[in-house]
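First the proteins, then the strands, lettered A, B, ... as listed; each starts at 1.
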Amino acid sequence: MPELPEVETTRRGLTPHLAKQTIQTLIARQTRLRWPIPTHLKNALPGQIITQIDRRGKYLLLTCTRGTLIIHLGMSGSLRILLKTTPATKHDHVDIILRNGTCLRFNDPRRFGCILWTTDDVNKHDLLKNLGPEPLSRTFTGDYLYNISRGRRTPIKTFIMDGQIVVGVGNIYANEALFKAGIHPKKAVGKITLDDYKKLANAIKKILTTAIKQGGTTLRNFTDSNGKPGYFKQLLRVYGRGKLPCYICQTQLKEIRLGQRSTVYCTKCQS
DNA sequence: AGTGCGGCCTGTCCGC
DNA sequence: TGCGGACAGGCCGCAC
C-alpha cells in the first residue's frame, strides 16, 4: 500500500538507475490499468532519454526528452529495477527496457495504478492540474487550511484526504494526524480554530517525515519477497486499533465509517 | 461549488 | 477443507 512516503522512497531508489538512461522498448503484458496504457506509448518511448525523476503527490513523473511518463502505484503497485532477462511473474504488467540492459518493472495486483504519457506541461495534465500543495512544502500551513475551510462543512478527515486540499494524505495518515492533533475526525472544517489547524499541519508534516525516514514502509500485511517488516506499523497510534485502549488515556478507541473509510479515534483525546 | 458515493481490482480473512 | 462474501484502499467521475 504505497503512501506518499513510499512513493518518495521509490523515487529516491529509482533515480540513480534511471537518470540519463535511454529507453529501448516498452513491454505491456496487461494494458488495462486504472486507465488503459496509451496505445501509442510503444512508439513514443523508444529513444527517449529519462532526464528527471520527480514526485507530485503520489504520482511519479519521469521526464523524458520529448514527454513525461506519469505513473501512479494505486493501492498495490510497485516498481523495481531488474535485469531485463529476469522472468516476469504474476501481475508484472509493464516493463520499460533500457538500453543498458536493465528494466523498470511495474507490478500491480489490483491494477488501481496507472501509466500515462503527456507531451504537454505535465502540471497542466488533468490528473495534476487541480492538486493541492505538497504537505511537506512551506505553502502547506495551518493558515492555509484555516483560510480555505471557512464556511465549509465537510468533516475534517474527508477534507485532509482530498487531493485538491493537500496531496499525499491517505486514510492511515489522516487517522494518525488527527489523533496527534487532538481533533475529532467528524469535526466540521469551518469550525476548527487556527490554533488547531496549526497543530494539524504540523502533525501531518511530522508523521509523513517520520514515515519517510522509516523508508516509507508499508503497513499491515506486508508480503514483500524481501520479508521487510512494517516499521511504521509500530508507530501507529489509532489506525487498526479499534476497540483497543488509547495509548494516552486508556479509553477504548472508537471505530466508525466516514466517507466509506475506516476511521479510528479516541473519544476523550479528540474533540 | 460543495458534498457524497459508486466503482474499479485482487488478496486476505472470516464464518459456515 | 472449500467456498462465498466482506473488506481493504486511492481517487476519479458522476449525481444531487
Of all the nucleotides listed ([options]), which has the minimum atom distance to the side chain of [X]?
| X | options | value |
| --- | --- | --- |
| A/Arg32 | B/dC9, B/dT3, B/dG7 | B/dC9 |
| A/Arg110 | B/dT10, C/dG10, B/dG2 | B/dT10 |
| A/Gln260 | C/dG10, B/dC5, B/dG11 | B/dC5 |
| A/Glu3 | C/dG10, B/dT3, B/dT10 | C/dG10 |
| A/Arg111 | B/dC9, C/dC12, B/dT3 | B/dC9 |
| A/Ser262 | B/dT3, C/dA8, B/dG11 | C/dA8 |
| A/His91 | C/dC12, C/dA8, B/dT10 | B/dT10 |
| A/Trp35 | B/dT3, B/dG11, C/dG13 | C/dG13 |
| A/Arg152 | B/dG11, B/dT3, C/dC11 | B/dT3 |
| A/Pro155 | B/dG11, B/dG4, C/dC11 | B/dG4 |

Q.
Can you give me the closest heavy-atom contact between A/Val264 and A/Asn175, atom names plus distance?
A.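 Taking A/Val264 first and A/Asn175 second, the nearest heavy atoms are N-OD1, 3.0 Å.
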Considering only distance and modelled atom types, tabulate donor-acceptor pairs under 3.5 Å from the side chains of residues 35-42 of chain A, sequence neighbours left out.
residue : atom : partner : partner atom : Å
A/Lys42 : NZ   : A/Leu26 : O            : 3.0

Q. Aromatic rings A/His93 and A/Phe106: how do their planes relate, parallel, tilted or perpendicular, breaks at 30° and 60°?
A.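 Because their plane-to-plane angle lies in the 30° to 60° range, the rings of A/His93 and A/Phe106 count as tilted.
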Q. Among A/Arg29, A/Arg80, A/Lys84, whose salt bridge (charged side-chain N to carboxylate O under 4.0 Å, His left out) with A/Asp95 holds?
A.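 Only one option passes, and that is A/Arg29.
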Q. Do you reckon A/Ile97 sits in the same ILVMFWY cluster as A/Leu18, going by side-chain contacts under 4.5 Å, direct or chained?
A.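 No: no chain of side-chain contacts under 4.5 Å links A/Ile97 to A/Leu18.
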Q: Answer yes when A/Arg12 and A/Glu8 have at least one side-chain N-carboxylate O distance shorter than 4.0 Å, and no when they do not.
A: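 Yes.
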Q: Give me the bend of the helix from B/dG2-C/dC16 to B/dC16-C/dG2, using the axes of the five pairs at each end, rounded to 10°.
A: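 For the helix from B/dG2-C/dC16 to B/dC16-C/dG2, the axes at opposite ends meet at about 50°.
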Q) Taking CZ from A/Arg261 and C1' from C/dC11, how many angstroms apart are they, rounded to a whole number? A)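 Going from CZ in A/Arg261 over to C1' in C/dC11 covers 8 Å.
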